[in-house]
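A quick note: this is a predicted structure, and the numbers were derived from the prediction, not measured. All chains are named by letter (A, B, ...) in the order of the sequence lines, taking the proteins before the strands, and each is independently numbered beginning at 1.
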There are 4 protein chains.
Amino acid sequence: MARNAEKDQISREKRLNQILDCALEVIALKGIGSVSINDIAVASKVSVGNIYHYFKSKDEIFDEILRRGQTAYGQFVSETEALELPALDKLSLICSGWLSTRNHWAHTLLIHSARLSETSLPSTRSQVTERFTRNLVPITNIIKQGQKEETIIDGDPLELAFYFVSLIQGLTLQRMPGAEVPAPIRVEGVMHLLDKRKRMD
Amino acid sequence: MARNAEKDQISREKRLNQILDCALEVIALKGIGSVSINDIAVASKVSVGNIYHYFKSKDEIFDEILRRGQTAYGQFVSETEALELPALDKLSLICSGWLSTRNHWAHTLLIHSARLSETSLPSTRSQVTERFTRNLVPITNIIKQGQKEETIIDGDPLELAFYFVSLIQGLTLQRMPGAEVPAPIRVEGVMHLLDKRKRMD
Amino acid sequence: MARNAEKDQISREKRLNQILDCALEVIALKGIGSVSINDIAVASKVSVGNIYHYFKSKDEIFDEILRRGQTAYGQFVSETEALELPALDKLSLICSGWLSTRNHWAHTLLIHSARLSETSLPSTRSQVTERFTRNLVPITNIIKQGQKEETIIDGDPLELAFYFVSLIQGLTLQRMPGAEVPAPIRVEGVMHLLDKRKRMD
Amino acid sequence: MARNAEKDQISREKRLNQILDCALEVIALKGIGSVSINDIAVASKVSVGNIYHYFKSKDEIFDEILRRGQTAYGQFVSETEALELPALDKLSLICSGWLSTRNHWAHTLLIHSARLSETSLPSTRSQVTERFTRNLVPITNIIKQGQKEETIIDGDPLELAFYFVSLIQGLTLQRMPGAEVPAPIRVEGVMHLLDKRKRMD
DNA sequence: AATGAATGAGTATTCATTCAT
DNA sequence: GATGAATGAATACTCATTCAT
């Protein structure tokens with residue numbers, strides 16, 4: 001063994017991140033449908049062949065980006081739920097966090113593409129949907145809290161959570177570069193839709 | 001001259017519709033990314049070569065589907081605006097019309113794909129966005145009406161219209177076949193978010 | 001219909017033969033392992049893309065060559081069995097027919113490759129073996145006839161037929177270009193092995 | 001100097017054998033066409049890079065396997081020739097030795113592949129054929145002996161030897177896994193073809 | 001010597017578009 | 001207009017070989 005196993009592991013991890021980060025960047029730039037392995041190779045400065053050292057296929061790259069994205073988002077949402085804050089503030093944090101983060105629409109696209117494409121394995125699709133559903137739970141809980149605090153409008157909390165997330169995703173898709181719809185997207189505006197108190201003015 | 005120009009024109013129009021309708025059908029079935037000209041040819045029972053008598057390119061087909069879809073939707077929204085009804089009822093009509101119509105998510109996908117893909121001409125993209133923006137106007141007007149009637153929550157009407165449409169589109173994307181998120185989508189639920197009176201219960 | 005369906009069918013058949021014949025030629029020249037679709041395209045003067053108009057995959061081409069080869073051989077063997085001749089003469093005909101026909105070793109290679117390669121579908125493999133086995137029957141019958149005529153040595157006729165064919169195939173493989181083993185291959189020599197009368201000299 | 005050159009040499013020899021043995025194993029398992037350097041590396045537990053310390057190229061590995069196989073077979077045949085036995089018994093030994101040894105069909109395949117493939121150097125091909133021809137000599141001698149003993153049928157001894165080996169190789173190829181032709185392969189059956197006495201029954 | 005990451009040329013296959021009939 | 005054969009560029013993936021450590 002002339003090599004250092006630990007160092008190898010670290011450099012492997014680095015390369016993985018390098019490829020995934022650059023791939024996401026390229027997807028964000030060119031759209032998922034027209035990203036080729038070559039694009040990813042060029043962007044990440046890793047040779048085409050070497051990419052296949054780290055990933056079995058292009059789809060595996062997409063899957064992994066998705067998995068990481070959804071997992072990170074899930075963690076963020078869970079942590080936010082656990083904060084000692086009014087429900088509306090928690091949702092505001094989530095909303096602004098999502099809308100302000102660059103590349104979130106690339107993730108959103110990936111989610112929808114993965115669910116859609118005939119080619120992606122059924123296992124991929126069901127995993128994406130499962131993670132999506134799981135990530136709905138903390139938001140549902142926050143909405144329950146808000147309803148107790150009488151700051152969030154009535155209704156099935158799961159349904160409201162679903163609408164909340166769908167709205168944010170819908171807005172995210174509108175933010176695609178080159179699609180400048182001349183209408184504002186503001187966190188307070190979105191929160192307003194759920195805010196019970198505002199209605200009594 | 002056994003042929004007459006008018007008849008030719010009619011038959012041409014029929015063929016166009018035949019191709020476009022079937023193309024949309026196939027997109028709805030297979031997803032936009034994996035629809036080939038051959039798929040469209042088979043589905044519409046028009047030979048591959050003949051399709052190019054009616055359309056310059058595959059992209060032109062997509063553009064035309066989009067144009068027709070957005071135009072039809074714009075007309076529907078305008079007509080709904082003109083009805084003698086409370087604002088909330090108008091929005092309900094629009095919402096249920098959209099959510100109940102099969103293939104609307106194929107349209108939604110097309111809109112987002114068109115805006116996105118590098119390959120699609122800038123002209124296509126700007127036209128799509130322009131039509132989208134124009135179709136926002138009647139909804140904005142309905143919301144203004146609702147605010148006067150004190151049935152719709154306060155806020156910039158254009159912004160609210162934008163949220164309304166984005167939410168509906170976001171929900172539409174969730175309805176993709178094979179993406180069964182276990183949460184309900186109900187017209188009244190959506191309307192609830194805009195309903196001012198509900199807040200005072 | 002501006003086209004002539006019958007003519008289309010004929011030209012299709014021509015192209016199929018053209019591709020298959022040239023493919024066999026190239027296999028005979030370069031060996032099955034190193035024949036690319038491009039080689040076949042160049043040899044048959046059909047564009048790469050167009051080859052896929054006629055065949056689903058490279059393997060399908062190989063399968064079809066094999067099928068035709070084995071079928072033709074089977075017919076030849078059956079017809080030979082039906083002749084009004086002494087058994088030894090029939091076997092001589094078969095032996096010389098096989099050994100004198102150019103490209104037979106390419107077929108032999110294909111048979112063995114098909115049986116072997118991991119990639120070829122199990123169905124392919126079993127079909128090849130099944131046709132091989134079926135083609136053994138007429139030879140077995142001829143050997144039975146010869147044993148009745150007391151011109152062919154004793155023993156299980158099927159086993160002898162199997163040896164006869166294996167020997168011919170083995171010799172065929174030795175005839176590969178560039179493998180000039182300095183030993184003769186003669187029909188009478190092969191027949192000698194089965195000839196009962198010769199032993200009593 | 002803790003290391004000693006002799007020990008190194010032994011270890012080098014061991015590694016060589018390790019690689020060659022495992023490579024043959026893999027060829028026998030996967031077929032020659034689909035064996036990659038990586039397969040060999042995994043099977044022999046030697047890293048890809050390290051294999052290139054021992055062999056200049058993949059082809060050199062194949063060449064060496066062949067050389068060793070043919071040399072070992074040549075030795076076996078020579079030793080058998082030298083035994084004090086009737087000719088028929090000697091041939092029986094050779095026949096059963098070949099047919100009973102696992103992996104012999106992998107060798108046979110290698111022989112034919114080497115002779116065949118355009119890629120293999122002409123030098124390789126001529127060496128293979130030369131060794132093949134040389135190995136024919138002892139068998140030719142045994143046949144001469146048998147003809148003197150009046151137990152083997154008449155005919156050019158070299159020609160008969162060639163047929164004998166070709167038959168055995170042909171039968172070997174039929175024994176490929178997954179090619180179960182429902183016909184027996186028996187040493188006595190094969191010997192029967194050469195046995196002069198049997199004919200007089 | 002030993003490792004496995006890196007490279008890049010090569011391969012089968014797809015598909016929008018054109019063309020001859 | 002209508003057909004489907006023909007084209008060739010593009011793409012994902014493989015693999016023998018080299019290189020840095």
Side-chain angles (χ1 to χ4, degrees), chain A residues 1-5 7-9 11-12 14-15 34-41 45-61 119, chain B residues 3 8 11-12 15 34-42 45-61 119, chain C residues 1-5 7-9 11-12 14-15 34-41 45-61 119, chain D residues 3 8 11-12 15 34-42 45-61 119:
Chain A
M1 288 257 192
R3 307 255 295 269
N4 179 327
K7 222 169 152 187
D8 273 16
Q9 189 55 37
S11 101
R12 179 179 174 82
K14 264 189 189 170
R15 273 274 191 275
S34 39
V35 170
S36 71
I37 277 286
N38 196 52
D39 291 331
I40 297 174
K45 284 167 196 156
V46 168
S47 72
V48 171
N50 204 22
I51 284 183
Y52 285 89
H53 226 72
Y54 293 95
F55 298 97
K56 272 212 302 286
S57 70
K58 199 174 116 170
D59 275 335
E60 200 183 84
I61 295 176
T119 63
Chain B
R3 268 170 152 183
D8 272 15
S11 130
R12 180 178 171 83
R15 271 274 200 270
S34 41
V35 171
S36 69
I37 279 285
N38 195 54
D39 291 331
I40 297 173
V42 169
K45 284 167 196 157
V46 170
S47 73
V48 171
N50 204 19
I51 285 183
Y52 282 84
H53 274 290
Y54 295 96
F55 298 97
K56 269 212 307 287
S57 70
K58 193 176 135 178
D59 275 336
E60 201 183 83
I61 295 176
T119 62
Chain C
M1 288 256 192
R3 306 259 293 271
N4 180 326
K7 223 169 152 188
D8 274 15
Q9 189 55 37
S11 101
R12 179 179 174 83
K14 265 190 189 170
R15 272 273 191 275
S34 39
V35 170
S36 71
I37 278 285
N38 196 53
D39 292 331
I40 297 173
K45 284 169 196 155
V46 168
S47 73
V48 171
N50 203 22
I51 285 183
Y52 284 88
H53 225 72
Y54 293 95
F55 298 97
K56 272 211 304 288
S57 69
K58 197 173 116 171
D59 275 336
E60 202 183 82
I61 296 176
T119 62
Chain D
R3 269 172 152 180
D8 271 17
S11 133
R12 181 178 171 81
R15 272 274 200 270
S34 41
V35 170
S36 70
I37 279 285
N38 195 53
D39 291 329
I40 297 173
V42 169
K45 284 167 196 156
V46 170
S47 73
V48 171
N50 204 19
I51 285 182
Y52 282 84
H53 275 290
Y54 295 95
F55 298 96
K56 269 212 308 287
S57 70
K58 193 176 136 179
D59 275 336
E60 200 182 83
I61 295 176
T119 63

key: Minimum heavy-atom distance E60(B)-Y54(B), with the two atoms named   = OE1-O, 4.2 Å

query = Quick one: does K58(C)'s side chain have a donor or acceptor within less than 3.5 Å of a partner on V35(C)'s backbone?
reply = yes

ask   = Looking only at side-chain N and O atoms, does R15(D) come under 4.0 Å of OP1 or OP2 in dA2(E)?
value = yes

request  = Name the nucleic acid region contacted by S47(A), choosing base, sugar-phosphate or nothing; use a 4.0 angstrom heavy-atom cut-off, strictly under.
outcome  = base

ask   = dA12(E) C1' sits how many Å from I37(C) CD1, rounded?
value = 7 Å

ask   = In chain order, what residues pass the side-chain hydrogen bond (donor to acceptor under 3.5 Å, both in side chains) check against R12(C), with sequence neighbours excluded?
value = none

task = Whole angstrom is fine here: how far is it from OH in Y54(C) over to P in dA5(F)?
result = 6 Å

note = Scanning both residues in full, the closest heavy-atom pair of A41(A) with S47(A) reads CB-C, 4.2 Å

task = Stems involving DNA chain F: give each as a range paired with a range, ordered by first number, where a stem means at least three consecutive Watson-Crick or G-U wobble pairs under 3.5 Å.
result = E:2-21 with F:2-21

inquiry  = Using whole Å, what does the distance between atom P of nucleotide dA6(E) and atom CG of N38(D) come to?
reply    = 15 Å

key: Touch class at under 4.0 angstrom, heavy-atom based, for F55(D) against every strand present   = nothing

request  = Could you check S11(C) against G49(D) and say which one's nearest nucleotide on DNA chain F is further toward the 5' end?
outcome  = S11(C)

query = About how many Å separate CD1 of I40(A) and CD1 of I51(A), when rounded to the nearest 0.5 Å?
reply = 6.0 Å

query = For S57(A) and H53(B), take the nucleotide of DNA chain F holding the closest heavy atom to each; which residue's nucleotide lies nearer the 5' end?
reply = H53(B)

inquiry  = Tell me whether D39(B) contacts the main-chain N or O of S36(B) through its side chain, where contact means a donor paired with an acceptor under 3.5 Å.
reply    = yes

ask   = So does R12(B) get a side-chain nitrogen or oxygen closer than 4.0 Å to the phosphate oxygens (OP1/OP2) of dG1(F)?
value = yes

inquiry  = Of the options dA5(F), dG4(E), dA2(E), whose atoms approach the side-chain atoms of V48(D) most closely?
reply    = dG4(E)

message = Any base atoms under 4.0 Å from V42(B), or only sugar-phosphate, or nothing? Heavy atoms, all strands.
response = nothing

remark   = In whole angstroms, the gap separating P of dG4(F) from NZ of K45(B) amounts to 14 Å

Residue S36(B), side-chain atoms from C-beta onward, closest of dA16(F), dT14(F), dA16(E) = dA16(E)

remark   = N50(A) atom CG is separated from dA9(E) atom P, nearest whole Å, by 15 Å

Length of the line joining K14(C):NZ and dA5(F):C1', which is rounded to integer Å = 15 Å

request  = Give a yes/no answer on whether the side chain of Y52(B) brings an N or O atom under 4.0 Å of OP1 or OP2 in dT17(E).
outcome  = yes

ask   = Starting at NZ of K58(D) and ending at C1' of dT18(F), how long is that distance when rounded to a whole Å?
value = 17 Å

inquiry  = Just to verify, what does Y52(A) make a side chain to side chain contact (heavy atoms under 4.5 Å, CB included) with, not counting sequence neighbours?
reply    = I37(A), V48(A)

query = CD1 of I40(D) versus C1' of dG4(E): gap in Å, rounded?
reply = 17 Å

task = Please test N50(A) against R15(A) for side chain to side chain contact (heavy atoms under 4.5 Å, CB included), starting from the C-alpha separation and ending with a verdict.
result = CA-CA 10 Å; N50(A) 204 22; R15(A) 273 274 191 275; 4.1 Å; yes

